[in-house]
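Below is one structure, written out as structure tokens, with a few remarks after it.
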Amino acid sequence: MIRRRSTPSIYKWSRPAIGAISGFGILNTGYLTFEKLNGSAPVCTTPENVKSCVDVLSSPWATVLGQPLPAFGLLAYIGMFIFALAPLALNSAENNKSQKQLENVTWWLLFIGAIAMSVFSGYLMYVLAFELKAICLYCIASALFALTMLVLTVMGRDWEDSGQLLFTALIVTIVTLIGTLGIYSQISPSGNITESTDGKPTAITFTPKEQPNPQFGWEITTKSGEAEIALAQHLVKSGAKEYVAYWCPHCHEQKLLFGKEAYQIINDNSKVECASDSPKGKPELCKAAKIESFPTWIINGKSYGGVQNLEELANITGYTGPKNFKYFR
């Protein structure tokens, strides 16, 4: 008697598992996309003095082709969800041939998608660890989702041609890396803030090396351009309020984005100091405004937590003046 080789159990539940994981990915990226488009901060808890999800979502890496990065992740997870579960929706008895064809095509699409998502997530994990030096649980979860889907895709079926599988993986990896590096080629943050000589915006970061002055925090070392000054004037006219604490490094990064001259306009008209030990502190106003993190902008009754790039503040307030901002974060 010839015994038939039993089908590994992973072959049976790999597609539902990939569908479930991509479903979690949809919820994850969907939430971040909503928060990003709504201008609000996601719920995120990190140790003190460590950059969080708010900082990550306000960084230059969080925008691709003018759109929120989580939105592209959302589309990718929706695609994986459809590819994983579409063959299961067909009646195997009535559409056996169509189902087999669909299974084969969607397995390759799942493999290509999982490779691309894993490579891109790997690059973002590098950025998170070495460039932003932040902790973003949403980002880490998304990277784990992508890697898990890749493992399930490779192990979830009997791939007849392993050579073709490896060749496809190599090509997709190379294309994804080239595309990723091309998209982010203009971003090169540095710990030193020096004005660009080629007209391109300069990335800023700030690490305190001395105790802040309760009067003003740390000294602003960047210079404003016409765009920064015009935006500051516009924010004052629109009634925007920035809630800060003098000891907050992120608040100082917001100041550096404006530059000394422009931020003086904010400081005189729109800034609310929340630290009770500052001579200018008005903690009662911050409590009344329900401020939970610094800096927080309140614009037209809506709260925007975390450092905001000037381009984002311009879009939120409908600013139409010059936008050749000198700095970004």
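- In this view, Ala141 and Asn28, Phe145 satisfy the side-chain contact (heavy atoms from CB on, under 4.5 Å) rule, not counting sequence neighbours.
- Taking the disulfide (SG to SG under 2.5 Å) definition, one finds that Cys286 meets it with Cys274, sequence neighbours left out.
- With sequence neighbours left out, the ring-ring contact (aromatic ring centres under 6.0 Å, His included) criterion links Phe111 to Trp159.
- Rounding to the nearest 0.5 Å places CD of Glu273 at 10.0 Å from CD of Gln215.
- For an aromatic pair to be called close, the ring centres must be under 6.0 Å apart, and Phe206 with Trp218 satisfies this.
- Side chains of Leu231 and Phe325 form a contact here, defined as non-hydrogen atoms less than 4.5 Å apart.
- Between Phe83 and Pro87, the closest heavy-atom pair is O-CD, 3.6 Å.
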Side-chain donor/acceptor pairs under 3.5 Å, residues 254-261, sequence neighbours excluded:
from	atom 1	to	atom 2	distance (Å)
Gln254	OE1	Trp297	NE1	3.2
Gln254	OE1	Gln308	N	2.8
Gln254	NE2	Gln308	O	2.9
Lys255	NZ	Phe216	O	3.0
Glu261	OE1	Ser224	N	2.8
Glu261	OE1	Ser224	OG	3.3

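- Between Asn309 and Leu313 the shortest side-chain heavy-atom distance does not fall below 4.5 Å.
- Put simply, the side chain of Lys282 reaches to within 4.5 Å of the side chain of Glu284, judged on heavy atoms.
- Between Glu242 and Ser270 the shortest side-chain heavy-atom distance does not fall below 4.5 Å.
- For Gln101, the CD atom counts as densely surrounded, since its 6.0 Å shell holds more than 12 non-hydrogen atoms of other residues, nucleotides or ligands.
- Atom CD of residue Glu131 and atom CH2 of residue Trp61 lie 4.5 Å apart, to the nearest 0.5 angstrom.
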After noting the C-alpha distance and the side-chain angles of Asn315 and Lys323, does the key distance pass the side chain to side chain contact (heavy atoms under 4.5 Å, CB included) rule? CA-CA 10 Å; Asn315 293 335; Lys323 294 185 178 180; 3.7 Å; yes
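- When all heavy atoms are compared, the tightest approach of Tyr138 to Tyr31 is OH-CE2, 3.5 Å.
- Between the side chain of Tyr327 and the backbone N or O of Lys223 there is at least one donor-acceptor pair closer than 3.5 Å.
- Between Ser238 and Tyr319, the side chains place no donor N or O within less than 3.5 Å of an acceptor N or O (distance only, hydrogens not considered).
- Between the side chain of His234 and the backbone N or O of Thr317 there is at least one donor-acceptor pair closer than 3.5 Å.
- The CZ atom of Arg157 sits 8.0 Å away from the CD atom of Glu103 when rounded to the nearest 0.5 Å.
- With hydrogens and angles disregarded, a donor-acceptor distance shorter than 3.5 Å links the side chain of Tyr77 to the backbone of Ser142.
- If you chain together ILVMFWY residues whose side-chain heavy atoms come under 4.5 Å of each other, Ile171 ends up grouped with Phe167, Val175.
- Through side-chain heavy atoms spaced under 4.5 Å, either directly or across other Ile, Leu, Val, Met, Phe, Trp or Tyr residues, Val236 is tied to Ile229, Ile265.
- Side chains of Pro201 and Lys326 form no contact here, defined as non-hydrogen atoms less than 4.5 Å apart.
- For the pair Asp161 (side chain) and Gln164 (backbone), a donor-acceptor distance under 3.5 Å is present.
- Across all their heavy atoms, Pro70 and Ala62 have their closest contact at CD-O, 4.2 Å.
- Heavy atoms of other residues, nucleotides or ligands lying less than 6.0 angstrom from CZ of Phe24 number 12 at most.
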